[in-house]
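Because only heavy atoms are used, hydrogens play no part in the values below, and waters and symmetry mates are left out as well, while side chains stay in. All of these numbers come straight from a predicted model, not from anything done at the bench.
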Amino acid sequence: MRIPRAIHRWSLTPRQAIALQQRLRGRVRVEPLVWPVRRVAGADMAFSPDGRRCVAGVVVYDLQTHEVVEQALAWRDVRFPYVPGLLSFREAPAVLAAVRKLKIPPDAFILDAQGYSHPRRLGLASHVGLLMESPTVGCAKSRLCGTHDDPPAWPGTFAPLRDGDEVIGAVLRTRPGVKPVYVSVGHRVTLDDAVRLVMTCVTRYRVCEPTRLAHQLVTRHRGDMD
DNA sequence: GCGACAG
DNA sequence: ATCTTGTCGC
């Protein structure tokens, strides 16, 4: 898959990274996703025991056949520490490298991270969506910021995730009796699209299929870091 | 100053 | 994220 030339570099100090997020946030577009969506990509990462190497994996899931139609992996040296709010500077380079290896551009991507529900509204899902110029959705397993009530018990329902008066995401119940997930807009989708896409990709587990399969893929390759 | 904090 | 076994429950 073709990805536009780099807009910026990744070797930045935390302070510069924050300044960059402020400059890029205005470029994120919230617009309707084109349905029906058939090929959905899930991306995830795994790290070596010493934390110096990482591998990113992307799995493309066909919603019509429920089959994996393509997958790719990319290894990298870890060059940025984990800092809440700056996850993209640690993980995006490897994720983008793996995405570049795909033959066909997926209709949308689901990232195991926040998108709009971020202190500066530019979580990993939004950041990579912007760089790929592709539709992305953020679907995290825990909260980064914002407040919310418990979502209803019924699968598919959600409670709005708020930051003051603004709705920044949805705390979505994907399955009965399990913790909800944090869904937010990445790029070129609306929050309704994001919730609908995640629910469409859910089968019998809490996390949706593309994300779950990507997690399995990188976990299987955690041993061979090159 | 204290607590929170995606992966 | 990663380090780690068994164990409670459906």
Side-chain angles (χ1 to χ4, degrees), chain A residues 10 14-15 17-18 20-21 24-25 28 42-59 73-99 109-130 136-148 153 155 158 161-164 168-172 174-187 191 194 198 204-208 210-225:
Chain A
W10 292 107
R15 165 169 259 164
I18 290 174
L20 176 62
Q21 292 178 324
L24 296 180
R25 60 183 297 180
V28 174
D44 198 16
M45 302 259 299
F47 296 79
S48 60
D50 63 12
R52 290 156 51 82
R53 290 281 285 170
C54 66
V55 57
V58 185
V59 170
L73 291 160
W75 289 263
R76 281 287 191 283
D77 280 332
V78 175
R79 298 199 195 187
F80 200 91
Y82 169 68
V83 179
L86 300 180
L87 186 64
S88 57
F89 297 90
R90 177 178 174 79
E91 306 196 342
V95 170
L96 294 174
V99 170
F109 291 81
I110 296 178
L111 283 294
D112 185 11
Q114 312 288 342
Y116 190 82
S117 48
H118 175 278
R120 289 166 294 283
R121 308 296 184 256
L122 197 81
L124 174 65
S126 297
H127 198 155
V128 298
L130 193 56
T136 57
V137 165
C139 185
K141 296 182 296 301
S142 62
R143 186 188 66 89
L144 171 60
C145 64
T147 59
H148 66 85
F158 63 88
L161 176 62
R162 293 192 167 82
D163 186 1
I168 59 176
V171 184
L172 178 66
T174 55
R175 296 287 292 165
V178 296
K179 281 178 28 177
V181 295
Y182 294 76
V183 176
S184 62
V185 165
H187 184 53
L191 182 55
V198 170
R204 55 184 306 194
Y205 304 95
R206 175 168 84 119
V207 296
C208 60
T211 299
R212 198 177 67 77
L213 295 170
H215 186 271
Q216 290 188 336
L217 178 64
V218 296
T219 297
R220 286 199 297 272
H221 290 79
R222 190 164 45 190
D224 34 285
M225 285 285 174

- Query: Quick one: A/R175 CZ to C/dC10 C1', roughly how many Å, whole number?
  - Reply: 14 Å
- Item | Minimum side-chain heavy-atom gap A/S184-A/L161 below 4.5 Å | no
- Any A/S142 side-chain nitrogen or oxygen under 4.0 Å from OP1 or OP2 of B/dG7: yes
- Message: Just to be sure I understand the rule, does A/A46 reach a base, reach only the sugar-phosphate, or reach nothing, if contact means heavy atoms closer than 4.0 Å?
- Response: sugar-phosphate
- Task: Give a yes/no on whether any side-chain N or O of A/K141 is located under 4.0 angstrom from OP1 or OP2 of B/dA6.
- Result: no
- Give the ring-plane orientation class for A/F80 versus A/F89, where under 30° counts as parallel, over 60° as perpendicular and anything between as tilted. tilted
- Message: Just the rounded figure in Å: distance from P of C/dT2 to CG of A/D112.
- Response: 11 Å
- Message: Between P on B/dG7 and CZ on A/R76, what's the gap in Å once rounded to a whole number?
- Response: 22 Å
- Considering just the side-chain nitrogens and oxygens of A/Y182, establish if one lies under 4.0 Å of OP1 or OP2 belonging to B/dA6. no
- Query: What is the distance, rounded to the nearest whole Å, between atom CZ of A/R90 and atom P of C/dT2?
  - Reply: 10 Å
- Query: What is the distance from OH of A/Y116 to P of B/dA6, rounded to the nearest Å?
  - Reply: 20 Å
- Message: How many whole angstroms separate atom CG of A/L86 from atom P of B/dA4?
- Response: 20 Å
- Task: Could you check whether A/A113 gets within reach of a base, just the sugar-phosphate, or nothing at all, counting any heavy atom under 4.0 Å?
- Result: base
- When you measure from the side chain of A/P49, which nucleotide among C/dA1, B/dC5, C/dC3 comes out closest? C/dC3
- Message: I'd like to check, for A/Y82, whether its ring lies over the base of C/dA1 with centroids under 5.5 Å apart and a plane angle smaller than 30°.
- Response: no
- Item | Touch class at under 4.0 angstrom, heavy-atom based, for A/L124 against every strand present | base
- Message: If we ignore hydrogens and angles and just use 3.5 Å, is the side chain of A/R53 paired with the main-chain N or O of A/M225 as donor and acceptor?
- Response: yes
- Query: With a 4.5 Å heavy-atom cut-off, do A/Y182 and A/V171 have their side chains touching?
  - Reply: yes
- Message: In whole Å, I'd like the distance from the CG atom of A/D44 to the P atom of B/dA6.
- Response: 15 Å
- For A/R143 and B/dA4, is the shortest distance between a side-chain N/O and OP1 or OP2 below 4.0 Å? no
- Query: What is the nucleic acid contact for A/F47, judged by heavy atoms within less than 4.0 Å: base, sugar-phosphate only, or nothing?
  - Reply: sugar-phosphate
- Spacing of A/R222 atom CZ relative to C/dC3 atom C1', expressed in whole Å: 10 Å
- How many angstroms lie between atom CG of A/L20 and atom CG of A/L86, to the nearest 0.5 angstrom? 10.0 Å
- Under 4.0 Å between any heavy atoms, over every strand shown, what does A/G85 touch: base, sugar-phosphate, or nothing? Just pick one. base
